[in-house]
**Q** 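Here it is, the structure, as structure tokens.
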Amino acid sequence: MGIGRVLIVGSGGREHALAWACRRSSRDVAIMVAPGNAGTAALAENVPADVTDATGVARIASERAVDLVIIGPDAAAAAGVADACQEQGIPVFGPTAAAARIESSKTFAKQVMDTAGIPTARWLAGGADDRSRLSAFIAELEGACVVKADGLALGKGVVVCATVDAAERALDECLGELRFGDAGRHVVVEELLTGPEVSVFGLSDGRNVRTLVPARDYKRIFDGDRGANTGGMGAMAPPPDAASRAFLENVSRTVLKPCIDELREQGNPFVGCLYAGLMLTPRGMRVLEFNARFGDPETQVVLPLLDEPLLEVLMACARGEVGDGVAPAADGAAVGVVAAAAGYPGDVRRGDEITGLEELDDDVLCFQAGTALDGDGRLRTAGGRVLCITATGADVEAARARAYGNLARVHFDGLQARTDIGQPVSAGVPS
Ligand code: AMP
Ligand code: GLY
């Protein structure tokens with residue numbers, strides 16, 4: 001079906017993994033990444049771009065006559081990159097701004113879940129004017145709740161609370177002090193759930209859903225799931241407690257398809273990666289959130305296990321003809337360990353030289369995120385999450401051993417990495 005040229009929007013490890021998987025699908029396809037990083041430059045052409053400038057991205061795609069645009073970050077989807085591409089008649093894998101509201105508004109997501117009968121935590125939404133109703137709900141939950149900014153807040157707009165005082169304080173910060181800016185002018189308060197978390201990605205053409213291997217990310221900066229939240233310090237796939245085909249089919253039937261059906265029935269068909277953030281609670285599976293994009297770093301362990309050409313699946317989604325069902329996956333498991341820069345997740349130091357990548361085993365992957373080449377062609381740190389070493393193996397333990405064995409060969413000053421990626425985690429401890 002001839003996919004000659006593809007444009008991937010974004011610059012992180014997720015986009016490097018997408019570019020890698022597109023290259024694995026086809027040796028001949030011309031891959032462009034806007035704006036990309038030093039890792040994507042090695043297998044694709046980087047094109048400078050502002051991912052939230054929808055018309056600018058569509059112009060690049062049109063000028064370069066690309067056959068498919070693949071949207072990485074939520075900010076690009078929310079800014080209407082897919083809408084702008086569609087206006088130019090360019091096939092795009094990624095949701096319109098209206099469909100991306102499933103991620104960009106938590107209240108909207110909760111309404112969709114209720115309408116579609118998708119299992120989720122009990123909830124109440126409101127703004128400053130609804131304070132007394134919100135407080136009554138917090139009292140009913142005896143303070144065991146989560147306060148979430150309604151809008152996009154770089155993954156930081158969620159406060160887990162154990163007491164009424166803590167929850168009231170979180171409301172003050174969100175609604176009064178605008179700690180999360182406009183994103184927090186409205187909040188969702190929901191009941192606190194407990195249990196391990198799982199991420200499941202469904203690739204959709206607006207009607208059918210192709211479900212990928214489940215993954216688990218490790219969000220806190222320190223071992224044992226302690227310390228500040230980050231973009232993700234590593235991931236594994238599949239988590240041993242969510243590895244069965246029956247689990248995946250259940251997620252598809254009770255979570256992904258009902259959400260896709262509801263969005264289509266509302267007039268906003270979702271084309272792209274619908275990402276369900278799930279919690280396996282003692283009372284069964286519950287949806288914590290939907291995202292309108294591939295998760296990062298989960299993508300960096302899910303795609304290496306995919307046993308069919310990603311590029312063709314994404315194109316089939318964009319054309320409205322993807323096949324329903326569970327995508328074929330390799331046996332075994334993958335573990336990815338993130339190496340972050342000094343200071344992450346706060347202010348990070350940049351410019352440290354990265355060495356040792358040439359010593360990695362041939363079949364071990366290094367997906368780059370915050371990297372840049374200096375004037376002398378040396379690789380240097382240029383962001384918080386610098387790179388992720390991903391290895392596969394017969395099981396999680398084997399993959400984990402190889403990932404850490406290879407990470408030990410990588411050096412840059414201030415490198416931070418968790419030592420427990422791939423091991424079981426306790427339920428998250430409020431930071
Ligand atoms: P969200 O952005 O909604 O996925 O929330 C971010 C993180 O907050 C999740 O990955 C969970 O660790 C935690 N979280 C969200 N909702 C709940 C909940 N209802 N109960 C317990 N933890 C939650
Ligand atoms: N790994 C979490 C996220 O991508 O939001």
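FYI, side chains are in, hydrogens and waters are out, and symmetry mates aren't considered; it's all heavy atoms of this structure. From a predicted model like this one, the values you see are computed outputs, not experimental measurements. Whatever order the structure lists them in is the order used to number ligands and atoms, beginning at 1.
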**Q** Please list the nearest protein heavy atom to atom 5 (O) of ligand 2 with its residue and the distance rounded to 0.1 Å.
**A**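 That would be R293 NH2, 2.8 Å.
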**Q** Do any nitrogen or oxygen atoms of E289 lie less than 3.5 angstrom from nitrogen or oxygen atoms of ligand 2?
**A**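 No; every N/O pair is 3.5 Å or more apart.
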**Q** If you count the atoms of ligand 2 from 1 in the order shown, which ones are under 4.0 Å from a heavy atom of G295?
**A**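 By the 4.0 Å cutoff, the relevant atoms are 4 (O).
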**Q** Determine whether the side chain, the backbone, both or neither of K148 has a heavy atom under 4.0 Å from any heavy atom of ligand 1.
**A**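 Only the side chain of K148 comes within reach of ligand 1.
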**Q** For atom 21 (C) of ligand 1, which protein heavy atom lies nearest, and how many Å away is it?
**A**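 Sorting protein heavy atoms by distance from atom 21 (C) of ligand 1 puts L193 O, 3.1 Å first.
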**Q** Can you tell which of V326, V200, T211 makes a side-chain contact (heavy atoms from CB on, under 4.5 Å) with S252?
**A**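 With S252 as partner, side-chain contact (heavy atoms from CB on, under 4.5 Å) holds for just one option, T211.
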**Q** Think R14 forms a cation-pi with F294, using NZ or CZ under 6.0 Å from the six-ring centre and within 45 degrees of its axis?
**A**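 Negative - R14 is either too far from the ring of F294 or too far off its axis.
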**Q** If you take the nearest heavy atom of each of E191, E103, E197, which one is closest to atom 10 (O) of ligand 1?
**A**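 Among E191, E103, E197, the closest heavy atom to atom 10 (O) of ligand 1 comes from E197.
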**Q** For the residue pair N37 and S11, confirm or rule out a side-chain donor-acceptor distance under 3.5 Å.
**A**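 No donor-acceptor contact under 3.5 Å links the two side chains.
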**Q** Take L387 and Q300 through the side chain to side chain contact (heavy atoms under 4.5 Å, CB included) test and state the conclusion after the steps.
**A** CA-CA 10 Å; L387 52 84; Q300 303 181 52; over 6 Å; no
**Q** Could you list which atoms of ligand 2 come closer than 4.0 Å to a heavy atom of E298?
**A**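 With E298 as reference, the close atoms of ligand 2 come out as 1 (N), 2 (C).
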**Q** Between V187, V159, V160, V158, which is the residue that forms a side-chain contact (heavy atoms from CB on, under 4.5 Å) with K148?
**A**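 Only one of V187, V159, V160, V158 forms a side-chain contact (heavy atoms from CB on, under 4.5 Å) with K148, namely V158.
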**Q** Could you see which bit of V158 sits under 4.0 Å from ligand 1, with heavy atoms only: side chain, backbone, both or neither?
**A**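 The answer is the side chain of V158.
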**Q** With a cut-off of 4.0 Å, which atoms of ligand 1 are near a heavy atom of L192?
**A**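 Taking each heavy atom of L192 in turn, ligand 1 has 20 (N), 21 (C) under 4.0 Å.
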**Q** Could you tell me, atom by atom, which parts of ligand 2 come under 4.0 Å of a heavy atom of D217?
**A**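 Those atoms are 1 (N), 2 (C).
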**Q** Which residue and non-hydrogen atom of the protein lie closest to atom 14 (N) of ligand 1, and at what distance in Å?
**A**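 For this ligand atom, the closest protein heavy atom is L288 CD1, 4.1 Å.
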**Q** For V287 versus T120, what's the shortest heavy-atom pair and its separation?
**A**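 For V287 versus T120, the nearest heavy atoms are O-OG1, 2.8 Å.
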**Q** Under 4.0 Å, counting heavy atoms only: does F294 come that close to any atom of ligand 2?
**A**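 In this structure, F294 fails to qualify as a contact of ligand 2 - no heavy atom is under 4.0 Å.
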**Q** Once you restrict to heavy atoms under 4.0 Å, what part of V146 touches ligand 1? Side chain, backbone, both or neither.
**A**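 Answer for V146: side chain.
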**Q** Would you mind running through ligand 1 and noting each atom that sits below 4.0 Å from a heavy atom of K219?
**A**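 The atoms of ligand 1 under 4.0 Å from a heavy atom of K219 are 10 (O).
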**Q** Out of curiosity, D361 CG to R402 CZ, how far, rounded to the nearest 0.5 Å?
**A**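 Result: 5.0 Å between the selected atoms.
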**Q** Starting from atom 3 (C) of ligand 2, find the nearest protein heavy-atom neighbour and note its residue, name and distance.
**A**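 For atom 3 (C) of ligand 2, the nearest protein heavy atom is Y275 OH, 3.5 Å.
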**Q** Considering residues, nucleotides and ligands other than R207, do more than 12 of their heavy atoms fall under 6.0 Å from its CZ?
**A**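 Count not over threshold, so no.
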**Q** State the atoms of ligand 1, each with its element, that fall below the 4.0 Å cut-off from a heavy-atom position in E190.
**A**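 Near E190, meaning under 4.0 Å from one of its heavy atoms, ligand 1 has 16 (N), 17 (C), 18 (C), 19 (N).
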**Q** Rounded to the nearest 0.5 Å, what separation is found between the CD1 atom of I60 and the CE atom of M32?
**A**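 Those atoms lie 10.0 Å apart.
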**Q** We want to know whether S199 and E298 form a side-chain donor-acceptor pair, criterion being a heavy-atom distance below 3.5 angstrom.
**A**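 Side-chain D/A pair, S199 to E298: present.
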**Q** Considering only heavy atoms of K106, which atoms of ligand 1 have at least one such atom less than 4.0 Å away?
**A**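 Listed by number with element, the hits are 1 (P), 2 (O), 3 (O).
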**Q** How far does CG of N229 sit from CG of D225, to the nearest 0.5 angstrom?
**A**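 Spacing of CG (N229) from CG (D225) equals 8.5 Å.
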